[in-house]
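Down below is the structure, laid out as structure tokens.
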2 protein chains.
Amino acid sequence: MLLTDECSYGRRMSSPPGSPGDVLTLISAGSATTRSDLARVTGLARSTISQRVDALIERGLVEESDSGESTGGRPPRQLRLHTDEHSVAGVDLGATHCRVALMDLTGAVLAESEEPLHIAEGPEAVLPQVDRLVDQLLAEVGRPRAGLRSLGIGVPGPVEFATGRPNNPPIMPGWNDYPIPDYFRGPTVLVDNDVNVMALGEHRNAFAGTGHLLFVKVGTGIGCGIVTEGALHRGASGSAGDIGHIRVSGHEEAGCRCGNSACLEAVAGGAALARRLTELGFPAESGADVVRLVQSGNTQALRLVREAGRLIGEVLAGLVNFFNPEVIVIGGALSRVHEHLLAGIRETVYRRSLPLATHHLTIVPSRTGVNAAALGAGILAIEHYLSPENINRIINA
Amino acid sequence: MLLTDECSYGRRMSSPPGSPGDVLTLISAGSATTRSDLARVTGLARSTISQRVDALIERGLVEESDSGESTGGRPPRQLRLHTDEHSVAGVDLGATHCRVALMDLTGAVLAESEEPLHIAEGPEAVLPQVDRLVDQLLAEVGRPRAGLRSLGIGVPGPVEFATGRPNNPPIMPGWNDYPIPDYFRGPTVLVDNDVNVMALGEHRNAFAGTGHLLFVKVGTGIGCGIVTEGALHRGASGSAGDIGHIRVSGHEEAGCRCGNSACLEAVAGGAALARRLTELGFPAESGADVVRLVQSGNTQALRLVREAGRLIGEVLAGLVNFFNPEVIVIGGALSRVHEHLLAGIRETVYRRSLPLATHHLTIVPSRTGVNAAALGAGILAIEHYLSPENINRIINA
DNA sequence: CGGACTTTGTTCGATGATCGACGGAAGTCC
DNA sequence: GGACTTCCGTCGATCATCGAACAAAGTCCG
């Protein structure tokens, strides 16, 4: 038999979009903000919609706001997410910092804060700090801990998303296979790679209509988050997007911490640029120092950044041919000097990729800024909590 | 507002799998072959399932076969797709050939045939030949044209899948923007790139449980089909998978027909290998000649194929880091000498990719053979016709 | 060999979800 | 201020689904 059991891929179960969860999705997405809108969009009877909405209001998930504009008759009552009693938090765990954003279910940031820490001290030391930060933010805005529905965490290393366990993370000693969600009692905890959540945040925040997007983070290292059909692509073992160790031509001398040579990261990452600037007599330790040198007008730094852009562009040119994205977003510490970085990237991509693939391609700097990861982690949490399945579960409970 | 209208991505409408289309999907996939199975799997009442199945039988989509094994009680009546009255055809259009496979809805090949043609003569000349071949096959097995439900066509160039129009195909003069589906009256026509349908065929045929798969076709040129979450990834402009023009290091001298140099295809494609063998004094015109030389024990040809494998492996190593597939399948004309090609590919991929990405990666030769494209095109057609949405439409009509 | 038991599949009344018609509410337009 | 439009809740009718009961078709065992 050709069409075997597991082959039901690609043929999703059909569904007339009708359940309470679907209704809430439409409300939260803004696709339909009134009862009659919902009836039109879903095709359900107005009476049915009223009943669904009532259930959502009763559970405290939806609220009515003031009436909207009349179009010649009775003005419709606007519906929106009831945000007061639900909070989520997005956590951006870096090598030496932790940034937390407390958000409501619309994705609006209620409060945020950042604190230095050392992730290398291990989960037993770090996670209590995260927990405390979240509690501080909740206290700051006067919301109860019980209202925290979900927690999204971005960590600087590969993660098995389904279980929330880091998978041999190079810069997170002590975290391998540690079940991060188990530490937090109460809210559902989702853990993903930091670049993935940045990609998600950027997509939802600035490129929501885009089907296929790549988010490239150029910091100490170089990584990439992949959004396909609006969802994150994590790959077979959760390591997708690790473009920092793709080989670039003409740099065989550059050894990389991964054991190979000529890795993109080893020649165009922030650490590599800092090292080369130091060799040239301009002391620099990190990507931030490189940015500072560029901003102070150092021509060597500028040249190196532009050359790094070309090298990144060479790798991206191949990925554009392969993946055919609609948008590439450049983020990370070095994107602060994005004019120079982007110039090199664009130059190479448009020269080395196929015309068909670049025809509708745009390459832009990140619009989300320093809290992209925390925001993206929060969005991961929100979308989990507001997923139709989860809402239906809540309604039927 | 953060979560904008188009943001409903990634939150699919929820669905208790229950419609007649879903039931048929389960039957065709073999997930449930009896009424009680269906009740267990879907969670619906046995009476409801009986009603659904009756409707499907009445429409001629399902039939009962002889009873199955008893497990201590009344033996269940086996259900299966009613194949007699439905046919689909898969068409593999190449540069100089056309191969058609007539299939039933289970994917079983009823008849197939191949004929030389020149795609460069344009659609007005080629499509009548395709039509005639399909009719011949139908006559051969004694099935009426009216039973032909859907037609899948793989063409050697980029296609806008939604409309079935080729998009500036390099080797298909006269086909640009030609609406192929309009030519055929009656069956639904789906047109896709040939490598895409090969990837689909290989996935459904041999790797149905695999989530993320790459199919690499090494023939005159080099292309790649991408299967993600069981579905084809076509990219923003339908050109995804075009890896033949990714740059490889150390071959700046090799000019490519695309206008760039050092393209993978220009150094490792069948045409390039044939040219270099000719230069070495072993006349060869195509990939087939290269294969013949290798099989006859020519050491130069063998060396070149292995070296080509290394170059392909260099590109694939990057794509493995980026995409993190579970399986890479090597097909195309040159895969007939896959021992040598695979040796080079494996060697390079496992050396240049990250351990986490290669840990569960397998690289294998195609199991499907020469009619992979026709088979895959047929599967494309079948899955369209059997999609729950389409079946529900048929039932409700 | 025959009755107890098991599993399958159908029939049919009960149930519950959804619909559509109706009417009241709340605005605009002339 | 009345006609009109649109919005929204109510309520009986309708339709899909369910579950119990029953018939069918086998196994198991004394």
Side-chain angles (χ1 to χ4, degrees), chain A residues 13-24 26-27 31-59 62-80 388 391-393 395-397, chain B residues 13-24 26-27 31-59 62-80 82 388 391-397:
Chain A
M13 296 289 119
S14 68
S15 58
S19 70
D22 298 330
V23 170
L24 184 63
L26 291 168
I27 294 173
S31 313
T33 59
T34 71
R35 290 174 176 78
S36 14
D37 267 1
L38 286 166
R40 261 191 300 275
V41 172
T42 61
L44 294 170
R46 287 205 306 275
S47 48
T48 308
I49 291 295
S50 270
Q51 180 188 304
R52 295 280 153 81
V53 171
D54 286 348
L56 290 169
I57 290 178
E58 201 171 338
R59 291 282 176 170
V62 164
E63 64 182 353
E64 289 183 340
S65 59
D66 46 350
S67 296
E69 285 296 291
S70 164
T71 59
R74 171 176 172 175
R77 275 180 274 173
Q78 298 291 122
L79 301 170
R80 65 180 179 204
I391 294 298
N392 289 339
R393 205 179 46 74
I395 292 286
N396 297 327
Chain B
M13 297 288 117
S14 67
S15 59
S19 70
D22 298 330
V23 170
L24 184 62
L26 292 169
I27 294 173
S31 313
T33 58
T34 72
R35 290 173 176 80
S36 15
D37 267 1
L38 286 166
R40 262 190 300 274
V41 171
T42 62
L44 295 169
R46 286 206 310 272
S47 49
T48 309
I49 290 294
S50 270
Q51 179 188 304
R52 295 279 151 82
V53 170
D54 286 349
L56 290 168
I57 290 177
E58 200 170 339
R59 291 280 174 175
V62 164
E63 63 181 355
E64 289 183 338
S65 59
D66 46 348
S67 295
E69 285 295 291
S70 165
T71 60
R74 171 175 172 173
R77 274 181 275 173
Q78 298 292 121
L79 301 170
R80 64 180 177 202
H82 184 72
I391 294 299
N392 289 339
R393 204 179 48 72
I394 293 173
I395 293 286
N396 297 327

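What you see below is based on every heavy atom in this structure, not just the backbone, and it leaves out hydrogens, waters and symmetry mates. In what follows, every chain begins at residue 1, and chains take the letters A, B, ... in the order their sequences are listed. Keep in mind that what you see is a predicted model, and the values were worked out from it rather than measured.
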- Query: Quick one: on DNA chain D, does B:Q51 or A:P75 contact a more 5' nucleotide (nearest heavy atom)?
  - Reply: A:P75
- Note on the structure: From CZ of B:R46 across to C1' of D:dA20 the rounded distance in Å is 10 Å
- Spacing of A:Q78 atom CD relative to C:dA26 atom C1', expressed in whole Å: 15 Å
- 5' priority, DNA chain C, between A:A45 and B:E64 [closest heavy atom]: B:E64
- Query: Quick one: B:N392 CG to D:dA16 P, roughly how many Å, whole number?
  - Reply: 13 Å
- Query: Closest heavy-atom contact between A:D37 and A:A32?
  - Reply: CB-CB, 3.6 Å
- Message: It should be established whether A:R52 places a side-chain nitrogen or oxygen under 4.0 Å from OP1 or OP2 of nucleotide D:dG9.
- Response: no
- Would you classify B:R35 as touching base, sugar-phosphate or nothing, given that sugar-phosphate means primed atoms plus P, OP1 and OP2, and contacts are heavy atoms under 4.0 Å? sugar-phosphate
- Note on the structure: Residue pair B:D54/A:I49 against DNA chain C: nearer the 5' end by closest nucleotide is B:D54
- Message: Strictly below 4.0 Å: does B:S36 bring a side-chain N or O up to OP1 or OP2 of C:dT8?
- Response: yes
- Item | Intermediate values then yes/no, side chain to side chain contact (heavy atoms under 4.5 Å, CB included), B:I49 and B:T42 | CA-CA 9 Å; B:I49 290 294; B:T42 62; 3.7 Å; yes
- Determine the minimum heavy-atom distance between B:I391 and B:G21, stating which atoms define it. CG2-CA, 3.6 Å
- Query: Quick one: is C:dT10 close enough that its OP1 or OP2 comes under 4.0 Å of any side-chain N or O from B:S50?
  - Reply: yes
- Task: Could you tell me whether B:S70 contacts a base, only the sugar-phosphate backbone, or nothing, with contacts defined as non-hydrogen atoms closer than 4.0 Å?
- Result: sugar-phosphate
- Polar pair under 3.5 Å, donor/acceptor by atom type, side chain B:S47, base D:dG19: yes
- Could you tell me the separation between the CG atom of B:L38 and the P atom of D:dC18, rounded to a whole number of Å? 13 Å
- Task: Write down the distance between CZ (A:R77) and P (C:dG24), rounded to a whole number of angstrom.
- Result: 17 Å
- Looking at A:R35, A:Q78, A:R80, which hits side-chain hydrogen bond (donor to acceptor under 3.5 Å, both in side chains) with A:E64? A:R35
- Task: Return the value, rounded to whole Å, for the distance between atom CD of B:E69 and atom C1' of C:dT8.
- Result: 15 Å
- Item | Criterion side chain to side chain contact (heavy atoms under 4.5 Å, CB included) against B:V53, the qualifying member of B:L38, B:T34, B:L24 | B:L38
- Item | B:R74 (side chain) and C:dT8 (base): donor-acceptor pair under 3.5 Å | yes
- Note on the structure: Between CG of A:N396 and P of C:dG16 the distance, given in whole Å, is 14 Å
